Amino acid sequence: MKNTDCIIEQYRGGKLVRFFTPTGDQALPWCMNVHGKTYLRTHGWVMSKILPTLMEGSPVITKVVPVKVVNSEDQVSEPDSAFDDRFS
């Protein structure tokens with residue numbers, strides 16, 4: 001899976017605290033969304049926020065969600081998992 005194929009969500013106590021969406025820019029390939037604001041980020045910066053959450057006992061849960069797929073007829077199909085409208 002490429003970074004352009006997914007959204008990375010981070011939860012603390014069951015509440016979404018931030019999510020990362022792909023930008024398509026090679027220099028700053030991620031957009032971090034937190035508290036209603038957006039910030040462009042590098043791969044290294046994003047990895048520094050994700051890797052510690054993969055340790056056992058981390059209070060933050062990281063989930064990878066596939067982005068919406070556009071087929072050849074320009075129709076948008078939803079991924080198999082539940083997908084919130086906040087990313088539309």
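Just so we're clear, the structure is a prediction, and the values are computed from it rather than from any experiment. This chain uses plain numbering: 1 for the first residue, then up along the sequence.
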*Just wondering, are more than 12 heavy atoms of other shown residues or ligands nearer than 6.0 Å to CG in Leu40?*
yes
*Dump the intermediate steps for side-chain contact (heavy atoms from CB on, under 4.5 Å) on Tyr39 and Val34, then the final yes or no.*
CA-CA 8 Å; Tyr39 307 91; Val34 60; 3.6 Å; yes
*What distance separates Arg41 CZ from Asp25 CG, expressed to the nearest 0.5 Å?*
14.0 Å
_In one Ile/Leu/Val/Met/Phe/Trp/Tyr side-chain cluster, 4.5 Å: Met32, Ile50_ = yes
*State the CD1-NZ distance between Ile7 and Lys63, to the nearest 0.5 angstrom.*
13.5 Å
_Whether Thr62 side chain and Leu54 backbone form a donor-acceptor pair below 3.5 Å_ = no
*Check Thr42 against Ala27 and note the closest heavy-atom contact, atom names and distance.*
CG2-O, 3.8 Å
*At what distance, to the nearest 0.5 angstrom, does CD1 of Ile61 lie from OH of Tyr11?*
9.5 Å
*Test side-chain contact (heavy atoms from CB on, under 4.5 Å) on Phe20 and Glu9 and set out the steps.*
CA-CA 6 Å; Phe20 302 94; Glu9 300 176 333; over 6 Å; no
*asked:* For Lys49, is there any backbone N or O sitting under 3.5 Å from a side-chain donor or acceptor partner on Gln10?
replied: yes
_Atom pair CG/NE2 of Leu28 and His43 - distance to nearest 0.5 Å_ = 10.0 Å
*So how far is it from Trp30 CH2 to Thr23 OG1, rounded to the nearest 0.5 Å?*
9.0 Å
*State whether a side-chain donor-acceptor pair under 3.5 Å links Ser58 with Thr53.*
no
_Over all atoms of both residues, closest heavy-atom pair of Cys6 and Val67_ = C-CG1, 3.8 Å
